[in-house]
There are 2 protein chains.
Amino acid sequence: MVNMEKDQSTEQKILEAAREVFVEKGMDGARMQDIADRAGMNKALLHYYFRSKEKLFEKVFIEQAAQFLPQVGDIIMSDAPLFTKIERFVDVYITKLTENPYLPMFILNELNKQPQSFILKVWGERGLPVEMFVTQVKDEIQKGIIKPIDPRQLVVNMAALCIFPFAGKPMIQWVTQMNDEDFWKFMEQRKIEVAKFIIDSIRK
Amino acid sequence: MVNMEKDQSTEQKILEAAREVFVEKGMDGARMQDIADRAGMNKALLHYYFRSKEKLFEKVFIEQAAQFLPQVGDIIMSDAPLFTKIERFVDVYITKLTENPYLPMFILNELNKQPQSFILKVWGERGLPVEMFVTQVKDEIQKGIIKPIDPRQLVVNMAALCIFPFAGKPMIQWVTQMNDEDFWKFMEQRKIEVAKFIIDSIRK
DNA sequence: AACTAGTTTAACCAATTGGTTGAACGCAAA
DNA sequence: TTTGCGTTCAACCAATTGGTTAAACTAGTT
């Protein structure tokens with residue numbers, strides 16, 4: 001056989017280039033020629049390995065979508081105390097997204113544009129196993145440790161406070177007149193500020 | 001003259017159709033033919049009135065971007081007490097965005113893709129006059145009414161909690177298994193829950 | 001009725017783009 | 001060395017798309 005590792009290498013080169021272009025430009029804005037150029041090869045190779053733009057996009061999107069969610073699933077499903085979970089969630093999520101700042105915009109945008117069936121193909125039928133977290137919140141409410149709150153609202157708040165700044169970066173920088181350096185320092189602070197903000201809100 | 005009101009009508013029809021298509025599909029995904037079809041007229045008319053796709057897009061975007069920000073500027077700049085401001089901000093913003101749920105995704109997405117110069121052309125050089133709000137927050141901190149917090153973090157938190165759910169709707173619905181009816185009920189509750197969440201967090 | 005100027009349309013055009021094809025290439029087995 | 005098969009590429013193709021044009025239409029003016 002000729003391939004085996006050369007194949008892997010080429011395929012990986014394509015996937016990496018495709019990731020860059022798709023994440024930056026989106027499905028509609030991405031050009032196969034652009035991907036080929038970044039991968040340093042002929043455009044026909046993209047079709048040789050992945051048949052079509054849609055297929056290639058789906059491969060890239062599934063991989064990126066996987067990075068966007070489940071890494072935090074473990075934290076939220078662990079048996080740590082609620083406040084610890086919140087602190088870990090915020091820190092890990094903001095850290096992860098800082099390494100891949102365009103990811104939120106990419107995922108959010110494509111999820112809004114692709115048909116609803118697409119999300120099921122990517123993430124499966126049922127949502128995150130968030131029940132454990134929900135019962136934990138209800139428990140802490142009953143024990144009188146935290147104020148009454150709809151657990152779903154809490155989850156969305158946690159996600160919003162972590163994810164939004166990446167999608168809204170240009171707007172935030174315009175409003176606050178921060179340059180890039182300021183912004184990333186600001187995000188570094190958020191790793192503790194957001195956790196504090198949430199816990200301060202729900203603690204009795 | 002022939003036009004005067006017929007002109008207005010045609011131009012408005014185009015702008016409305018363009019708004020629908022651009023907001024739904026984005027600049028890259030939008031098709032001039034699609035806009036013409038929705039406006040019920042010949043494609044050449046789009047160019048007759050707006051020269052090019054870019055020009056038409058810019059017109060639409062500027063109008064939508066204006067709706068996205070300044071309506072809340074008044075609230076934040078008013079002389080109401082801080083907690084009242086927060087309550088009003090959250091209620092008005094979520095209400096407004098509910099009427100135009102695709103707006104956040106559209107603005108956020110295009111702001112990330114268009115060159116940085118574009119945002120200045122759309123919203124002007126300087127950010128929102130948020131200084132008054134910042135000093136107000138600092139005052140309340142000094143008076144011991146609220147806990148110490150970076151006012152910028154507070155502003156971003158407020159924006160995040162209001163805007164994110166619209167951009168993240170598909171993801172939220174997948175995670176929480178809410179259908180559309182559930183979701184909009186959930187958003188209705190947010191109008192008070194988010195304000196409570198924020199105020200509970202910063203109140204001493 | 002004839003003229004004029006703004007408006008609307010069908011047909012057309014050039015460029016871009018996703019995708020295909022057949023030939024060339026390279027390496028291992030025979 | 002030759003054969004064979006997986007890989008790579010230049011050239012090509014058909015469809016789409018933003019944009020143009022020249023003719024037709026409409027209504028106010030003379």
Side-chain angles (χ1 to χ4, degrees), chain A residues 1-63 106 109-110 113-115 118, chain B residues 1-63 106 109-110 113-115 118:
Chain A
M1 289 270 170
V2 162
N3 58 356
M4 201 112 297
E5 62 205 84
K6 198 172 179 191
D7 217 12
Q8 292 289 339
S9 169
T10 303
E11 203 170 317
Q12 283 307 315
K13 254 190 256 174
I14 295 176
L15 280 174
E16 173 55 22
R19 189 192 62 82
E20 288 177 27
V21 175
F22 277 131
V23 167
E24 188 181 322
K25 307 276 186 82
M27 166 67 175
D28 290 332
R31 298 286 165 253
M32 294 296 269
Q33 187 59 59
D34 192 0
I35 296 174
D37 289 346
R38 288 211 208 185
M41 61 183 68
N42 190 284
K43 189 182 56 155
L45 274 194
L46 310 189
H47 292 96
Y48 178 76
Y49 281 95
F50 297 95
R51 300 196 60 84
S52 71
K53 186 186 182 186
E54 266 185 52
K55 289 274 206 308
L56 177 56
F57 171 77
E58 192 176 307
K59 202 99 176 181
V60 168
F61 185 84
I62 286 178
E63 200 183 311
F106 174 61
N109 188 37
E110 298 300 335
K113 273 170 187 141
Q114 300 294 327
F118 190 66
Chain B
M1 290 270 169
V2 162
N3 57 357
M4 202 110 297
E5 61 206 84
K6 197 172 179 192
D7 218 11
Q8 292 287 339
S9 169
T10 304
E11 203 170 315
Q12 284 306 315
K13 254 190 257 175
I14 295 176
L15 280 175
E16 173 56 21
R19 188 191 63 81
E20 288 176 27
V21 175
F22 277 131
V23 167
E24 188 181 322
K25 308 276 188 84
M27 167 67 175
D28 290 332
R31 298 286 164 253
M32 295 295 270
Q33 187 59 59
D34 192 0
I35 296 174
D37 290 345
R38 288 211 205 186
M41 61 183 67
N42 191 285
K43 189 183 57 156
L45 273 194
L46 309 190
H47 292 98
Y48 178 76
Y49 280 96
F50 298 95
R51 301 194 61 83
S52 70
K53 185 186 182 186
E54 267 185 52
K55 289 275 207 307
L56 177 55
F57 171 78
E58 192 176 307
K59 203 100 176 178
V60 169
F61 186 85
I62 286 177
E63 201 184 310
F106 174 60
N109 188 38
E110 298 301 335
K113 274 171 186 140
Q114 300 293 328
F118 190 67

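Numbers restart at 1 for each chain; the letters A, B, ... are given by sequence-line order, proteins then strands. We use all heavy atoms of the structure for the numbers below, so side chains are in, but hydrogens, waters and symmetry mates are not.
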(request) For B:E16, enumerate each residue passing the side chain to side chain contact (heavy atoms under 4.5 Å, CB included) test, keeping only those at least two apart in sequence or located in another chain. (result) B:R19, B:E20
(message) Could you work out, with side chain to side chain contact (heavy atoms under 4.5 Å, CB included) as the rule, every residue matching B:Q33, not counting sequence neighbours?
(response) B:A36, B:D37, B:K43
(request) Calculate the interatomic distance between A:F50 atom CZ and D:dT8 atom P; express it in whole Å. (result) 12 Å
(request) Please collect all salt bridge (Lys or Arg N to Asp or Glu O under 4.0 Å) contacts where either partner lies in residues 49-62 of chain A, sequence neighbours excluded, each pair once. (result) A:E58-A:K121
(request) Rounded off to whole Å, could you give me the NE2-to-C1' distance for the A:H47 and C:dG18 pair? (result) 5 Å
(message) Closest approach to the side chain of B:Y48, judged atom by atom: which nucleotide of D:dG6, C:dG6, C:dG19 is it?
(response) C:dG6
(request) Quickly work out the A:K25 NZ to C:dG18 P distance and round it to whole Å. (result) 11 Å
(message) Of the options D:dT7, D:dA10, D:dG18, whose atoms approach the side-chain atoms of A:N42 most closely?
(response) D:dA10
(request) Take the protein atom CZ of B:F57 and the nucleotide atom P of D:dG18, then report the distance between them rounded to whole Å. (result) 14 Å
(request) Report yes if the side chains of B:R31 and B:V21 come closer than 4.5 Å at any heavy-atom pair, otherwise no. (result) no
(message) In whole Å, I'd like the distance from the CD atom of B:E54 to the C1' atom of D:dG18.
(response) 11 Å
Identify the pairs formed between an N or O of the protein and an N or O of nucleotides 12-17 of chain D at a distance under 3.5 Å, and give each distance.
residue	atom	partner	partner atom	Å
D:dT17	OP1	B:R31	NE	2.6

(request) Between A:Q33 and B:A44, name the one whose nearest nucleotide on DNA chain C is closer to the 5' end. (result) B:A44
(message) My understanding is that only residues two or more places apart in sequence, or in another chain, count here; which of them pass side-chain hydrogen bond (donor to acceptor under 3.5 Å, both in side chains) with A:K113?
(response) A:N109
(request) For B:L45 and D:dG19, give me the distance from atom CG to atom P, rounded to whole Å. (result) 15 Å
(request) May I ask you to decide if the ring planes of B:F57 and B:F118 are parallel, tilted or perpendicular, using 30° and 60° as cut-offs? (result) parallel
(request) State which residues pass side-chain hydrogen bond (donor to acceptor under 3.5 Å, both in side chains) with B:E63; sequence neighbours excluded, sorted by chain then number. (result) none
(request) Could you state the atom-to-atom distance from NZ of A:K13 to P of D:dT8 in whole Å? (result) 8 Å
(message) Nearest whole Å is fine: how far is D:dT20 C1' from B:Y49 OH?
(response) 17 Å
(request) State whether A:T10 places a side-chain N or O below 4.0 Å from either non-bridging phosphate oxygen (OP1 or OP2) of D:dT7. (result) no
